[in-house]
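Note that these values count all heavy atoms, side chains included, but never hydrogens, waters or copies made by symmetry.
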Protein chains: 2
Amino acid sequence: MKEDFLKNWDTQLKKGLLPLFVLQALRNKECYGYELIQELKSAAGIDISEGTIYPLLIRLMKEELLHYKWVEQPSGIPRKYYSISQEGKKCLTEMKKSLETTHSKIRKL
Amino acid sequence: MKEDFLKNWDTQLKKGLLPLFVLQALRNKECYGYELIQELKSAAGIDISEGTIYPLLIRLMKEELLHYKWVEQPSGIPRKYYSISQEGKKCLTEMKKSLETTHSKIRKL
DNA sequence: TTTAATACCTTGTATAACGATGTATTATTT
DNA sequence: AAATAATACATCGTTATACAAGGTATTAAA
């Protein structure tokens, strides 16, 4: 019953929540993109595709909510490690506050 | 600080939440579009513009989550009253469940 | 030797909020 | 009487973003 609708709804919901997920995850520990996908999946069951995470990280960088550094590996491809900035922490706090407000709005209906 | 970012974030968040807001509001009582805007504003402080609500109602109609009927007024423009369908109620239940799951995912991070 | 996993990335498509704009009716204000 | 605002419907162009698909490169496993 309306599985397409619900699937699409989930996708739309992510458009708001993913930046919060990423900032929150990076508040706990530095991660590189590929790792973030696995981290969010294993820690919270959140599925993000590569086509989503890399552009998202670039956006958050442009907003200066994240910093990054390349880290060479003894073998294999270098990793781009992201960490949250002061600005990012402030934003995360605001976002959580806003989400809580939104949640209370739902309860009012 | 990063007000543009936060404003845009709120907008993106709405993309998932508005269908739920509308279905929930219509579960309580039949409304016409223009009334829904005022209803959501006064009941829960949710701002929706006309350019958002009318296409949204049309989408929910196409999914058969809503029914509507024109109601002539003693004076003025006829109103298009929307009510939630059985299918809509089921969807709303699923959406709330899904949102609760999502909320618990956030807490896990 | 081929497949899979790791690790980065871009492009095209679909979806949806929003401001602007349009139409029409009625009420209020000047 | 005329102009403005409020009611009530709607569409269109812009912008943002998730995702599938595809691309590049390295290393490990089958």
Candidates C/dA7, D/dA18, C/dA16 - which lies nearest the side chain of B/Arg59
C/dA16

Rounded to the nearest Å, what distance is computed from the CD1 atom of residue A/Ile53 to the P atom of nucleotide D/dT17?
14 Å

Starting from P on D/dC19, measure out to CG on A/Leu57 and report it in whole angstrom.
14 Å

Rounded to whole Å, how long is the line connecting atom CG of B/Leu36 with atom P of D/dC9?
9 Å

So does A/Glu100 pair up with A/Arg107, basic N to acidic O under 4.0 Å?
yes

Closest listed nucleotide, where the reference is the side chain of A/Tyr34 and the choices are D/dC19, C/dT15, C/dA5
C/dA5

Checking all strands, does A/Gly51 fall into the base, sugar-phosphate, or nothing category for heavy-atom contacts under 4.0 angstrom?
base

Output the rounded distance in Å from CG (A/Leu13) to P (C/dA17).
12 Å

Please determine if a side-chain N or O atom of A/Thr52 lies less than 4.0 Å away from the OP1 or OP2 oxygen of D/dC19.
yes

Determine yes or no for a side-chain-to-main-chain donor-acceptor pair under 3.5 angstrom, with A/Glu35 supplying the side chain and A/Tyr32 the backbone.
yes

Check the phosphate of D/dC9 against B/Tyr54, side-chain N and O only, distance under 4.0 Å to OP1 or OP2. Yes or no?
yes

Spacing between A/Tyr68 atom OH and C/dA7 atom P, to the nearest angstrom:
18 Å

With no angle test and no hydrogens, is the base of C/dT15 tied to the side chain of A/Lys15 by a donor-acceptor pair under 3.5 Å?
yes

Would you say CD of A/Glu30 has more than 12 non-hydrogen atoms from neighbouring residues, nucleotides or ligands within 6.0 angstrom?
yes

As a test of reading the structure: which of D/dT11, C/dA16, D/dC19 is closest to the side chain of A/Asn8, going by heavy atoms?
C/dA16

Does the side chain of B/Tyr32 get closer than 4.0 angstrom to OP1 or OP2 of D/dC9 through an N or O atom?
no

Want to settle it: does B/Gly33 or A/Gly16 sit nearer the 5' end of DNA chain D, counting the closest nucleotide to each?
B/Gly33

Show your reasoning for whether side chain to side chain donor-acceptor pair (under 3.5 Å) applies to B/Gln12 and B/Lys15.
CA-CA 5 Å; B/Gln12 298 306 321; B/Lys15 292 189 184 179; 3.2 Å; yes

With no hydrogens and no angle check, just 3.5 Å: does a side-chain donor-acceptor pair link A/Ser98 and A/Thr101?
no

Compare the minimum distances between each of C/dG19, D/dA10, C/dA7 and the side chain of B/Lys80, then state the nucleotide with the smallest one.
D/dA10

Would you mind telling me which of C/dT10, D/dT11, C/dA16 lies closest to the side-chain atoms of A/Ile58?
C/dT10

Tell me the interatomic distance from A/Met61, atom CE, to C/dC9, atom P, rounded to whole angstroms.
11 Å

Between A/Trp9 and B/Gly16, is there a donor-acceptor pair closer than 3.5 Å when you use the side chain of the first and the backbone of the second?
yes

On DNA chain C, nearest-nucleotide positions of A/Pro55 versus A/Gln12: which is more 5'?
A/Pro55

Atom-pair distance (NZ on B/Lys69; C1' on D/dA8), nearest Å
17 Å

Whether the side chain of B/Glu50 and the base of D/dC9 hold a donor-acceptor pair under 3.5 Å is what I'd like checked.
yes

For A/Gln38 and for A/Phe5, find the nucleotide of DNA chain C with the closest heavy atom, then tell me which residue's nucleotide is more 5'.
A/Gln38

Could you state the CG-C1' distance from B/Leu17 to C/dT15, rounded to the nearest angstrom?
15 Å

Flag the pair B/Glu72 and B/Arg79 as a salt bridge only when some basic side-chain nitrogen lies within less than 4.0 angstrom of an acidic carboxylate oxygen.
no

Looking only at D/dA8, D/dA20, C/dA7, the nucleotide nearest the A/Ser49 side chain is D/dA20

For the side chain of A/Arg79, counting heavy atoms from C-beta on, which of C/dA7, C/dA16, D/dT17 is nearest?
C/dA7

Could you check which of C/dA17, C/dA16, D/dA18 has an atom nearest any side-chain atom of B/Pro19?
C/dA17

Which one, C/dC9, D/dC19, C/dA17, comes nearest to the side chain of B/Lys14?
C/dA17

Would you kindly compare A/Ser75 and A/Ile48 by the position of their nearest DNA chain D nucleotide and give the one closer to the 5′ end?
A/Ile48

